[in-house]
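Here, residue 1 is the first one in the sequence, and each next residue gets the next number.
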Amino acid sequence: MANQIPEELIEQVRTSNDIVDVIGEYVQLKKQGRNYFGLCPFHGEKTASFSVTQEKQIFHCFGCGKGGNVVTFLMEMENFSFFEAIKYLAERANIDLPVDATSRESPISSENQQILSAHEWLTKLFHHLIRFTKDGKAGYQYLQERGITDETIDTFQLGFAPNTKNFTATFLEKKGFHQQMLVKFGLLSRSSEDGSISDRFRGRVIFPIRNHLGKTIAFGARALQGGEPKYLNSPETELFQKGKILYNFDLAKKHIRKSNEVVLFEGYFDVISAYQSGVQNAVATMGTALTEIQAKLLKRYVDTVIICYDGDKAGIEATYRAAQLLEQVGCLVKIASIKDGLDPDSFIKEYGGDAFKREVLEASQTFMSFYMQYKKKDFNLSLEGDRIQYVTEILQELAKIESPVEREFYIKELSNEYNITVESLQHEINQYRQKTGIQKDKREKDRYTNNVQKSSKLLPAFHNAERKLLSYMLQNQSIAERVQEEIGASFNIDEHKIIATYLYAFYEEGNTEDVSIFIERLVDEKIRKLVIELALDDAQSDISDKAVSDYIRIIQNESSTGVNLKQLKAEQRLAEQQKDPIKAAQIALKIIELQRQVKHLN
């Protein structure tokens, strides 16, 4: 597949896309030393073990073991083929690929390709109708009445579907799409009475729903003139699953990273109004409760989530459920309160975007403050028993907070409000933390981390020597040439022999030190993972000739000793079979002495 595109063009595409920038569009990365760390997108975790090395243009997860370069990351993340990853990166860097290369087969099914194309055509059609034709006038007037500008209509590609039975069906049929497929994916509807086919979204304002790559995969539609249901979404399909998608995520990603927080809404218009007023780090659920998948998606990108749901009773209940879920996945949750029971869109219309930012978003309360207020509805606080039970529940929640300063802040609030000493409240929290094992878990985690660090030092000396030497060989061609001349592929570990052989060939082909390119030559996943581990070894860039000589000596000693030991053990077994215990014991002494010499040399 790579042969379809010149190798130098592939290299240009790769070098034009910094791995930190590309992975940063999927994962919130924080710099620690020379590397960047974040939550792994390939497996669930709460502690960042996913590392990206800008200097070497590679990534590695210390939790699940996945690793590679910018191309393999996209192949893994998006289920791209090699070509699809190169094509995506080329478009991202505004690099033109050969015309014959861009016609390569896509990894997604033919049916899904067709339905994506159908959605793209309809997005353009509906948008054109609302902006430039009489057929879309009703939808355009509706959006104007709601304060939506032309620029915003264009940004979100809002549209309108005429109130005509077969307008969409006829349009798509002329484009060559089959009606059966369009019905299956919810672009057309089939009558249960007579089996006739008609447009699904007729007479509605259209909201294209895009995936994280900006491709329209479904539509939301708002009825005009009191039609029911008020909002109608595309049905769930292989491409569109409401519990996995967040509305406007594709446009909001860069703003989320820049501000390091995201505002979570419930509806399309909330997002659109907020975006228009300057709050561009805004996303929304699809008319359903926030799911764990969506919560984990947000956590990958950002630490702080501001929940901004409707101010009515239903909105407050939904806020509580969403906040709990976000707290569980490790987000810092803030709650935006909207006065007078308004929804965000209504507040912005009534008081303006600046007031929304200042009085709603910037005035957001912490989850704990919200929780303390929210739980009061469950108790009659004029009764002593209810007050005690309420304080008890609040303390159990406070016990989960790691920060002693934050815990003390709320303890003082409880102490002042209910006339209980700070010492008593703190004692109660300490007991909860001991009972639930919070402190123990932290100690166990630290112990596990220490064991991981120690385990790397428990390897035999020759094993460590081979790893170190290979690590230097990956970053220094002259060292690789010296090792090739002195020991060739005579490493003691089979995987190390394979890596060395591949590396010698890589350099002989005229390549320079670039582990990001080298790993693409490795077919075996186990070998590729090991190379990435070795490349991430915190070895100094400079190494003395004596150090290289020492590593080579240790490897050669183990190699020769291994042969001698193997021979002696074979002679020992033969002596035992011949029932000659004296000879067997003499050989055993030789084995012990040889092992002692090896240990001394190492």
Side-chain angles (χ1 to χ4, degrees), residues 7 10-11 14-15 17-20 22-23 29 31-37 50-62 65-73 453 456-457 459 461-493 495-556:
E7 190 65 38
I10 290 177
E11 180 60 16
R14 190 190 289 110
T15 56
N17 288 273
D18 186 272
I19 193 169
V20 172
V22 174
I23 294 182
L29 296 174
K31 192 168 187 181
Q32 297 178 20
R34 291 185 298 177
N35 297 341
Y36 293 80
F37 288 87
F50 182 81
S51 172
V52 183
T53 305
Q54 193 168 37
E55 179 186 358
K56 298 173 182 176
Q57 291 292 297
I58 57 175
F59 73 91
H60 177 68
C61 177
F62 296 94
K66 289 191 183 296
N69 60 13
V70 67
V71 177
T72 55
F73 175 83
Q453 293 171 346
S456 63
K457 300 176 183 178
L459 294 171
F462 77 90
H463 197 147
N464 275 327
E466 292 186 359
R467 287 177 64 93
K468 283 289 185 184
L469 201 54
L470 284 169
S471 177
Y472 282 113
M473 290 163 64
L474 285 166
Q475 59 180 298
N476 190 315
Q477 185 175 351
S478 62
I479 292 177
E481 290 171 350
R482 177 182 171 185
V483 174
Q484 183 178 14
E485 183 179 334
E486 296 195 31
I487 62 175
S490 296
F491 287 77
N492 296 284
I493 306 298
E495 289 85 352
H496 296 171
K497 292 178 182 179
I498 295 170
I499 293 170
T501 302
Y502 273 113
L503 192 57
Y504 298 149
F506 179 73
Y507 287 138
E508 286 170 1
E509 290 172 6
N511 296 296
T512 56
E513 304 94 336
D514 192 331
V515 70
S516 176
I517 298 176
F518 176 60
I519 58 177
E520 283 185 3
R521 311 295 179 89
L522 306 174
V523 178
D524 189 287
E525 183 66 25
K526 183 179 178 183
I527 297 297
R528 186 186 298 131
K529 286 180 179 178
L530 180 54
V531 168
I532 293 169
E533 285 182 25
L534 295 173
L536 290 172
D537 187 286
D538 196 23
Q540 296 178 356
S541 56
D542 295 326
I543 181 174
S544 66
D545 288 341
K546 181 180 182 304
V548 173
S549 298
D550 288 342
Y551 287 140
I552 291 174
R553 177 180 58 81
I554 291 170
I555 294 167
Q556 289 175 326

Taking every non-hydrogen atom, the tightest pair across Ile532 and His60: CG2-CB, 3.5 Å
Donor-acceptor pair, side chain of Tyr504 and main chain of Gly488, under 3.5 angstrom: yes
Over all atoms of both residues, closest heavy-atom pair of Ile527 and Asp524: N-OD1, 3.0 Å
Any donor-acceptor pair under 3.5 Å from Gln57 side chain to Gln54 backbone: yes
Euclidean distance, Tyr472 OH relative to Ile543 CD1, rounded to 0.5 Å: 4.5 Å
Evaluation steps, salt bridge (charged side-chain N to carboxylate O under 4.0 Å, His left out), between Arg528 and Glu525: CA-CA 5 Å; Arg528 186 186 298 131; Glu525 183 66 25; 2.5 Å; yes
Partners meeting salt bridge (charged side-chain N to carboxylate O under 4.0 Å, His left out) with Arg521 (sequence neighbours left out): Glu509
Residues Glu11 and Arg14 bridged, charged N to O under 4.0 Å: yes
Closest heavy-atom pair and its distance - Phe59, Asn69: CE2-O, 3.5 Å
Heavy-atom side-chain proximity of Arg467 to Glu533 below 4.5 angstrom: yes
Interatomic spacing from CG in Leu469 to CG in Asp550 - rounded to 0.5 Å: 11.0 Å
Lys529 side chain near Cys61 side chain, heavy-atom distance below 4.5 Å: no
Rounded distance (nearest 0.5 Å) linking atom NZ of Lys56 with atom CG of Asp514: 11.0 Å
Criterion side chain to side chain contact (heavy atoms under 4.5 Å, CB included) against Ile58, the qualifying member of Val531, Val515, Val52: Val515
Rounded distance (nearest 0.5 Å) linking atom CZ of Phe491 with atom CD1 of Ile499: 9.0 Å
Between CZ on residue Phe37 and CG on residue Leu29, distance to nearest 0.5 Å: 10.5 Å
Derivation and outcome, side chain to side chain contact (heavy atoms under 4.5 Å, CB included), residues Tyr502 and Leu522: CA-CA 8 Å; Tyr502 273 113; Leu522 306 174; 3.7 Å; yes
Which atom of Asn511 lies closest to which atom of Gln477, heavy atoms considered: O-OE1, 3.7 Å
Reported CD-to-OG distance for the pair Glu513 and Ser478, which is rounded to 0.5 angstrom: 7.5 Å
Any donor-acceptor pair under 3.5 Å from Thr53 side chain to Asn35 backbone: no
For Phe506, ring-ring contact (aromatic ring centres under 6.0 Å, His included) partners two or more places apart: Phe518
For the student: nearest non-hydrogen atoms of Glu466 and Asn492, plus distance: OE2-N, 2.6 Å
Close side-chain approach of Leu536 and Phe62, heavy atoms under 4.5 Å: yes
Candidate pair Gln475 and Glu55, rule side chain to side chain donor-acceptor pair (under 3.5 Å), full reasoning: CA-CA 11 Å; Gln475 59 180 298; Glu55 179 186 358; over 6 Å; no
Shortest non-hydrogen contact from Ile554 toward Ala465: CG2-CB, 4.0 Å
Gln556 side chain vs Ile487 backbone, donor-acceptor pair below 3.5 Å: no
